[in-house]
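Comments concern the structure below.
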Amino acid sequence: IYNNKKNELIKTHVFLDLSPSVSAYLSLDAYKKEIKNLLLLLLKKHDISISTSRSKKKLLIKNDKNINDFLGTLEFQRAGTLLGRSLELQTEFLAEKEKFIIVSDADSHSWKDFAWKYFTKDLKLRLYDISSKRNLGANIFIESIKPVISPLSATYNWDVNLSLSKKSTV
């Protein structure tokens, strides 16, 4: 939908969560395909800027080539993301935006201390929940890992505790 009677494009910023919890739902190729489909859909009626949890840079998306170039550089990150902190560092990207789309999952750790105070009443906030793209009952994460040291052992063994995180909603 166009913004007003003058057929102006809706000023939209898209934020991509590239944390490991997102990669539990989709492979990188499948994630890129989802992002491409979203951006192509938005491109018709939105003036798009995009940023990621991995970088503080903002890119403008004006055409298919911009989308393909951007997706060619996209990689999941190794460290987890606190979305509130990541977005706090990027609040200047939201200046004069009318719509803000967060592409993420429902991982409770990522959403811990999410700072809603940075959003104005005029900014429409949307979550594009990537966790709904794959039917998983839960995620499995490494809770702790430590070496098991035995002076007579020829191999190095590890004690690994896994944690099962039930799917939650944000």
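Residue numbers run from 1 in the order of the sequence given.
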Verify side-chain contact (heavy atoms from CB on, under 4.5 Å) between Thr12 and Asp47, making sure each step is shown before the conclusion.
-> CA-CA 6 Å; Thr12 303; Asp47 180 18; over 6 Å; no
Begin from the C-alpha positions of Phe15 and Ser104 and carry the test side-chain contact (heavy atoms from CB on, under 4.5 Å) through to its verdict.
-> CA-CA 8 Å; Phe15 175 83; Ser104 187; over 6 Å; no
From CA spacing to verdict: side-chain contact (heavy atoms from CB on, under 4.5 Å), Leu59, Asn66 = CA-CA 9 Å; Leu59 288 99; Asn66 294 148; over 6 Å; no
What's the verdict on side-chain contact (heavy atoms from CB on, under 4.5 Å) for Ile101 and Leu127, showing C-alpha distance, side-chain angles and the deciding distance?
-> CA-CA 6 Å; Ile101 301 171; Leu127 171 64; over 6 Å; no
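For the atom pair CG of Asp105 and OG of Ser21, the computed distance is 3.5 Å after rounding to the nearest 0.5 Å. With rounding to the nearest 0.5 Å, the separation of CG in Leu18 from CZ in Arg78 is 15.0 Å. Between atom CD of residue Glu98 and atom NZ of residue Lys124 there is a gap of 8.0 Å, rounded to the nearest 0.5 Å. Expressed to the nearest 0.5 Å, how far OG of Ser49 lies from CD1 of Ile61 amounts to 9.0 Å.
Ser23 places a side-chain N or O within donor-acceptor distance of the main-chain N or O of Pro20, the cut-off being under 3.5 Å. Using modelled atom types, no side-chain atom of Trp111 and backbone atom of Gly84 make a donor-acceptor pair closer than 3.5 Å.
Checking each of Ile10, Leu9, Val14 against Ile48 for a side-chain contact (heavy atoms from CB on, under 4.5 Å) leaves exactly one that passes, namely Val14.
Closest heavy-atom contact between Tyr31 and Asp17: OH-O, 2.8 Å. Residues Tyr25 and Ile130 come closest through the heavy atom pair CB-O, 4.1 Å. Closest of all the heavy-atom pairs between Leu123 and Lys97 is CD1-O, 3.4 Å.
Asp129 and Ser131 form a side-chain donor-acceptor contact under 3.5 Å, judged by distance and modelled atom types alone. Judged purely by distance below 3.5 Å, without hydrogens or angles, the side chains of Ser51 and His13 pair a donor atom with an acceptor atom.
Side-chain contact between Leu38 and Tyr128: present, with at least one pair of heavy atoms (C-beta onward) separated by less than 4.5 Å. Considering only heavy atoms from C-beta on, Ile102 comes within 4.5 Å of Leu87 through its side chain. Counting heavy atoms from C-beta outward, Lys33 and Asn37 have side chains that approach closer than 4.5 Å. Proximity of Gln90 to Lys58: side-chain heavy atoms (C-beta onward) are nowhere separated by under 4.5 Å.
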Would you give me the side-chain donor-acceptor pairs under 3.5 Å for residues 67-77, sequence neighbours excluded?
from	atom 1	to	atom 2	distance (Å)
Asn68	OD1	Lys36	NZ	3.0
Asn68	ND2	Asp64	O	3.4
Asp69	OD2	Lys65	NZ	2.7
Thr73	OG1	Phe70	O	2.7
Gln77	OE1	Ser53	OG	3.0
Gln77	OE1	Arg54	N	3.4
Gln77	NE2	Ala79	O	3.1
Gln77	NE2	Thr81	OG1	2.5

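Linking ILVMFWY side-chain heavy atoms closer than 4.5 Å, directly or via other members, places Leu82 and Leu89 in two distinct hydrophobic clusters.
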